[in-house]
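Taking it in order: structure first as structure tokens, then the write-up.
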Amino acid sequence: MPDLNTDIQYLKGVGEKRAALLRKKGIDSVGALLRFYPRAYLDWRAVCPVAECPFYENAVVKAKIITPVQEHFIRRGMVLYKFLAEDASGRFSVTLFNQKYLAQKLHTGSEYLFYGRVGGDFAMREMASPRIAEAGNNGIEPIYSATAGLPSSLIGKAVHNALALCPSLPEILPEEMRQRLQLCGVAQAVADIHFPKTPEALEAAKRRLVFEELFVLQTGLSFLKKRKRGTTGFAIRQNVLPAFEKSLSFTLTGAQKRVIGECLADMATDRPMNRLVQGDVGSGKTAVAAALCYISAKNGFQSAFMAPTEILAEQHFRTMQSLTEQSGIRCALLTGSMTRKQKNEVKAELSAGKIDVAVGTHALLSDDVEFRKLGLVITDEQHRFGVAQRGKLSSKGQNPHTLVMSATPIPRTLGLIIYGDLDISVIDEYPKGRQKIATYLVDSSYHERLYAYIKKFLNEGRQGYIVCPLVEENEALGIKSASEYYEELSSGAFAGYRLGLLHGKMPAKEKDAVMRRFAQGEVQLLIATTVIEVGIDVPNAVVMVIENAERFGLSQLHQLRGRIGRGQNASSCIMVSDAHSADTMARLQVIRSTNDGFRIADEDLKLRGPGDFLGNRQHGLPDMKIADLFADCEILHTAGLESERLLKEDPRLERPEHAALRNAVAELYRKLNQN
Ligand code: ADP
Ligand code: MG
């Protein structure tokens, strides 16, 4: 008699070959098979009249075969079987390929159920190789994600054989909670998710399993959050924020002050801060970071400020220097492209404690970088780094305070999950006097007018960007490459103007040089790829043209646009696209209609789904089996509350009735660590 832990190979109907295929899907035991849920369902009762079946979609029809089944020999090894069937609304034609056995079973004059993709036209709808069932079938069939050699029906049979073991599945959700929230038991849920008798049973099973998955996730993450972080010796004793504010050429916004206050409250204790600052592009995150570095230095400990690119690290370094040079705070830059000698100098000064603020790239992470008393670690554009990298920098100090900053406006519920182990502060206000960026969408016939428009700004002493999707010419037709476009414009439309080229494949030194010339106003118009997407801050740049805008994601367009509109001057962003598809238009209209990063992120998420949106597992979460972090956000919320409630009663999950939950959380950690 198999149990849940039995190797999948020994389940009836599986065997060695299929076991290998199942293992590829991560199914290695009978228990894992039970938790391999169908990807869709075929509800044989959802019958649609023939004449109303939408084209190119799957549909179930119930129809009587009205012609004999005709055999057509197409060529060797290919036989077609064709017949017509009809219901009260109309008739349609069915084609079967090589399915002799099935064809012979069908009776002209009898009624059957057909399920398949609807083709043909209004005169005659068609189905090719539909699934055919007895007219009396009123079941709901599971459809599993299949692979070659492992069709859905076969997985279904194996699951069927495993279902006898459902009663021994461990119940993760306490009885009392299930009663209160009206969630069915695990045995019932798993049985019904595979072979539901009614749509209601399927709904109930789904709700229970989604809840369970999110509940375990939330419980696991709150452990991470409450994990003992040890104590830190870097408590802030003197709040010297007023002195810092005096060195600024602007006054901090209310939101900046509030967020700095939240950080300082954390840092005033001997528990290390562990906080995320989220703020849309242009909300002024750098000033928050600078304030904290300044205050840390004045309290006698070092800070490290890490950025994802050299350009950005240099820019932060210059900002930091200009804000602190009057006050005797010593800053240094550390990036990969510096000479060995330069790096060694900085490293020596860091370990001797002669430098207060180190600004840099990944170079800060290398093993031979040592700090004397590292009390604060800040990571800019956190989503560009893995969780592990964040940890590595922190490990260079003794439980330093950590702050991560991100402009990727992850919707709030999702943010709470992804950054579940962090406290969150939000900068929800832009500096005063910011103007809304006027955004337009035009096609390439506007280029001449666009050039004239840009020149008008350049002639007034302003600067601008032209963004292209590619670095170099690609065979793909009609796509602008930065390098070629730069050549073309330099000698053509913009002859006599000072142009610059910036793309990711240039040597770091050249990039920095161009960027510096742009920041100083020497370069008037920068032709660039998306390297400028992250963090570049040149307030005098007020116009941006984005070529082939259809090739960018919504959040990316928003980040790009965030490079302008950073000062007091009205700014405009012109997206150029010749794409005409309704989808693309709808996407680009979102950018036109709002400047709200959160709304754009929401739309992006809806259009692309969370996997894509967050990028290749950047979030470090395990794949969800059944829950959809976005669509199920209401259940997510309830699961969070329930998890909090349960942990209040049993903070370490020590009670015997929570053993199954404890195991599920342990399993989750195993997966988190694999990512
Ligand atoms: P982001 O949040 O995108 O990193 P930055 O920190 O680069 O934004 O700030 C954007 C611009 O706004 C910079 O030019 C910065 O000097 C300016 N800035 C920041 N805070 C204020 C403020 N309180 N008042 C006016 N300008 C500000
Ligand atoms: Mg920034």
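Everything quoted here is computed from the prediction, not taken from an experiment. Counting convention: from 1, in listed order, for ligands and their atoms alike.
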With under 30° as parallel and over 60° as perpendicular, where do the rings of Tyr451 and Tyr485 fit, or are they tilted in between?
tilted
For Leu252 against Ala287, the heavy-atom pair lying closest together
CD2-CB, 4.2 Å
Going by the angle between their ring planes, with limits at 30° and 60°, are Phe305 and His316 parallel, tilted or perpendicular?
parallel
Residue shell for ligand 1, any heavy atom closer than 4.0 Å, reads Phe250, Thr251, Leu252, Thr253, Gln256, Asp280, Val281, Gly282, Ser283, Gly284, Lys285, Thr286, Pro431, Arg434, Asp537, Pro539, Arg566
Quick check: are there more than 12 heavy atoms from other residues, nucleotides or ligands sitting under 6.0 Å from NZ of Lys456?
yes
Is the ring pair Tyr453/Phe457 parallel, tilted or perpendicular, if the boundaries are 30 and 60 degrees?
perpendicular
Got a sec, which pairs hit ring pair (Phe, Tyr, Trp, His ring centres under 6.0 Å) with one end in residues 265-295, sequence neighbours left out?
Phe244-Tyr294
